[in-house]
Q: 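Before I ask anything, let me first share the structure, which is written out below as structure tokens.
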Number of protein chains: 2
Amino acid sequence: MPASLRRGPLVDAICERLSRQYRSVPWLPPERALSARLGVSRSALREAVQRMEIQGLLEVKHGVGVRVVNKPQAPVGATLARELPDLTERLRQFAEVRLLVEPAIARAAAERAGPAERAALRAAHERLGTTLDEAVPADLEFHRLLAEVAGNRVLSLMLSSIAGLEAETRRITLEHVGLVEAAAQHDRIIEAIERGDGDGAHAAMLAHVRAAREAAPLPTPASTLAGTRATKASAARVP
Amino acid sequence: MPASLRRGPLVDAICERLSRQYRSVPWLPPERALSARLGVSRSALREAVQRMEIQGLLEVKHGVGVRVVNKPQAPVGATLARELPDLTERLRQFAEVRLLVEPAIARAAAERAGPAERAALRAAHERLGTTLDEAVPADLEFHRLLAEVAGNRVLSLMLSSIAGLEAETRRITLEHVGLVEAAAQHDRIIEAIERGDGDGAHAAMLAHVRAAREAAPLPTPASTLAGTRATKASAARVP
DNA sequence: TGGAGGTAGGAGGTCAGACCACTGAAGCAA
DNA sequence: TTGCTTCAGTGGTCTGACCTCCTACCTCCA
């Protein structure tokens, strides 16, 4: 065993070795074998594994094994769930955030997407399907891809985390809005992106998110965060 | 020992008991004593403690003890640091996000702040001080309080996480912008909030963040996310 | 008197090996 | 075929020992 000339905590070193060496395998070896191979005790290895599980890099299943995954939104989602325990309030704030962020994402995507990205978006859009069971993951994937194309990991991460906590809500929303109408809204967004029309994509996405919010089983408070008034009288309040 | 009639993982139960019973004490008892008191082994307790440390609820110090803290932005910040290892790119994306989020926060704060909140904001503003060492934390606190007043924990959490990873940058920024000018910008934001002028607060904050970005030691790419043009033609985009 | 250095205790960190609890699949029985 | 049982392998928990680090106190010298 190289014994490793580290100085800091052993667990940190184990985490690093694990994420380097086992990034592209589906399962980690059993704890006992792995601890022997790494030359550390099972306790230290377990602490490292647990840490990486919370970080969304591993998934431990009792009696089965340790799966290698990559869900960086997991810790963010867990934090949000802890900070907003009340379901109604959580969904309200999520709606506010989406109303602010999704249009910005759409604008950035329109202004940054190249031919490859446009094709990928179009492909994801056409996967929307005809039943709710197909539509919900396809819808999530469409928005996720859009965020990726927009090129901002922070916003992308936040939207993923939110999506993970409101999957059920989106199913209900999609049902109320109707698959055909939702597809039409996505279509308008895509078209704006393919024109490279940032403002158009922004507006189309804003309409899409607004429609979703109005169909959602929530009171519709005056959401001031987005700040783009629907029609008129935005400057009226300024003295 | 109550032995507790749980079925799920023991560590979960320990986490719950810890966060319930030791929420308002500065330090946890030593691991050995605590594990005895809870009736669990030291290993199980350690896993629980480690978990809560990653969640930003505890802070373990080798040779000293376990401190009780409350930094929900810690896991988000860690995730962002992992997802954006390149410092320049990280700061670029942070600037984009702030350009989008901070003005929205300011608008919401203006439209939601009551007398108490306005007083608190004014007080935080006046703590800006005259030296950089005082100004940086005061500036952070001002923006944090603003996010709190705005009433959206998701955005507040995101901005806190970002702030934790760019504290040094903000010092440099403040230095370049100048304390007097920064204070004047804050003042304009506060005044708009005290008038209940959401659009004014939005505009003032946008100017503030733009000034910061232009003073920052970064290339200034065409940041499309904010999308609000400086002076005119904001409503033109909405059909 | 007061600071520099050493020292002992107590804190978390790591180790080893044992046993418990859960899962899935193979094997058996109706 | 179907359903139950068994069993081997996995992670989960326990114990108690030892290592490493930090702090506070104490000693000693200027």
Side-chain angles (χ1 to χ4, degrees), chain A residues 1-19 21-22 25-71 74 78, chain B residues 1-19 21-22 25-71 74 78:
Chain A
M1 219 58 55
S4 73
L5 33 83
R6 58 185 179 72
R7 59 201 92 171
L10 175 59
V11 176
D12 292 353
I14 300 179
C15 284
E16 230 171 288
R17 287 190 62 180
L18 286 183
S19 47
Q21 294 184 239
Y22 296 93
V25 299
W27 295 88
L28 243 50
E31 285 182 352
R32 291 160 179 86
L34 189 51
S35 67
R37 186 185 310 182
L38 296 179
V40 301
S41 75
R42 219 185 129 198
S43 350
L45 172 63
R46 276 182 59 79
E47 293 211 0
V49 166
Q50 216 222 173
R51 192 134 120 201
M52 293 177 69
E53 181 184 21
I54 297 179
Q55 295 174 344
L57 302 172
L58 297 177
E59 205 173 278
V60 180
K61 293 191 165 187
H62 189 175
V64 181
V66 180
R67 186 173 174 70
V68 178
V69 297
N70 185 23
K71 300 182 177 175
Chain B
M1 218 59 56
S4 71
L5 33 83
R6 59 188 176 69
R7 59 202 92 170
L10 175 59
V11 176
D12 291 353
I14 301 178
C15 284
E16 231 170 288
R17 288 189 63 179
L18 287 183
S19 47
Q21 294 184 238
Y22 297 93
V25 297
W27 294 87
L28 244 49
E31 286 182 352
R32 290 161 178 86
L34 188 52
S35 66
R37 185 185 309 182
L38 296 179
V40 300
S41 73
R42 218 185 130 202
S43 354
L45 173 62
R46 275 181 61 77
E47 293 211 359
V49 166
Q50 208 221 350
R51 192 134 121 201
M52 293 177 70
E53 181 183 23
I54 297 178
Q55 295 174 343
L57 301 172
L58 297 176
E59 206 173 276
V60 180
K61 291 189 169 188
H62 190 176
V64 181
V66 180
R67 186 174 174 70
V68 178
V69 298
N70 184 23
K71 299 182 177 175

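To find a chain, count down the sequence lines: A is the first, B the second, and so on, and within it residues start at 1. Side chains are part of it too, since the values below use all heavy atoms of this structure and drop only hydrogens, waters and symmetry mates. Note that this is a predicted model, so its numbers are computed, not measured.
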Q: Quick one: NZ on A:Lys61 to CZ on A:Arg67, what's the gap to the nearest 0.5 Å?
A: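 The NZ atom of A:Lys61 sits 7.0 Å away from the CZ atom of A:Arg67.
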
Q: By nearest heavy atom, map A:Gly63 and A:Val40 onto DNA chain C; which one lands nearer the 5' end?
A: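 Looking at the nearest nucleotide for each, A:Val40 comes out on the 5' side.
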
Q: Counting C-beta onward and ignoring hydrogens, is there a side-chain heavy-atom pair between B:Leu45 and B:Leu18 closer than 4.5 Å?
A: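 A side-chain contact exists here, since the closest heavy-atom pair is under 4.5 Å.
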
Q: Rounded to whole Å, how long is the line connecting atom CG of A:Leu38 with atom P of C:dT14?
A: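 It is 14 Å, rounded to the nearest whole Å.
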
Q: Using heavy atoms and a sub-4.0 Å distance, could you list which residues of residues 42-51 of chain B are near DNA chain C? By number, please.
A: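 Listed by number, they are B:Arg42, B:Arg46.
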
Q: Nearest-Å distance, CG (B:Leu34) to P (C:dG13)?
A: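 About 14 Å, once rounded to whole Å.
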
Q: Could you measure the distance from the CD atom of B:Glu59 to the CG atom of B:Leu28? Nearest 0.5 Å is fine.
A: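 So the CD of B:Glu59 and the CG of B:Leu28 are separated by 12.5 Å.
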
Q: What is the distance, rounded to the nearest whole Å, between atom CH2 of B:Trp27 and atom P of C:dG10?
A: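 Interatomic distance, CH2 of B:Trp27 to P of C:dG10: 17 Å.
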
Q: Would you kindly give the CD-to-P distance between B:Glu31 and D:dA17, to the nearest whole Å?
A: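 It is 17 Å, rounded to the nearest whole Å.
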
Q: Would you say the side chain of B:Val64 lies within less than 4.5 Å of the side chain of B:Trp27, judging by non-hydrogen atoms?
A: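 They are in contact (side-chain heavy atoms under 4.5 Å apart), so the answer is yes.
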
Q: Is any N or O donor-acceptor pair between the side chain of B:His62 and the base of D:dT20 shorter than 3.5 Å?
A: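 Result: at least one qualifying N/O pair found.
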
Q: Side chain to side chain contact (heavy atoms under 4.5 Å, CB included) for A:Val69 and A:Leu58? Distances and angles first, verdict last.
A: CA-CA 5 Å; A:Val69 297; A:Leu58 297 177; 5.6 Å; no

Q: Expressed as a whole number of angstroms, how long is the span from B:Leu58:CG to C:dG13:C1'?
A: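 Rounded to the whole Å, the gap is 17 Å.
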
Q: What's the CD1-P distance between B:Ile14 and D:dC14, to the nearest Å?
A: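 Distance, rounded to whole Å: 7 Å.
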
Q: Enter the distance from B:Gln50:CD to B:Gln55:CD here, rounded to the nearest 0.5 Å.
A: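 That separation rounds to 10.5 Å.
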
Q: In terms of the nearest nucleotide of DNA chain D, which residue is placed more toward the 5' end: A:Val60 or B:Ser41?
A: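 Checking each residue's closest nucleotide, the 5'-ward one belongs to A:Val60.
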
Q: So if I take every side-chain heavy atom of B:Leu10 and compare against C:dG12, D:dT13, C:dT14, which nucleotide ends up nearest?
A: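 In terms of side-chain proximity for B:Leu10, the closest of C:dG12, D:dT13, C:dT14 is D:dT13.
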
Q: Rounded to the Å, how far apart are B:Glu59 CD and C:dG12 C1'?
A: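 Interatomic distance, CD of B:Glu59 to C1' of C:dG12: 14 Å.
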
Q: Roughly how many Å is it from CD in B:Glu53 to C1' in C:dA11, rounded to a whole number?
A: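 Checked: the CD to C1' distance equals 15 Å.
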
Q: Below 3.5 Å, does any donor atom in the side chain of B:Arg32 face an acceptor in the base of C:dG13, or the other way round?
A: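 When only heavy-atom distances are counted, B:Arg32 does reach the base of C:dG13 through a donor-acceptor pair under 3.5 Å.
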
Q: How far apart are the C-alpha atoms of B:Leu57 and B:Asn70, what are their side-chain angles, what is the distance that settles it, and do they pass the side chain to side chain contact (heavy atoms under 4.5 Å, CB included) test?
A: CA-CA 5 Å; B:Leu57 301 172; B:Asn70 184 23; 3.9 Å; yes

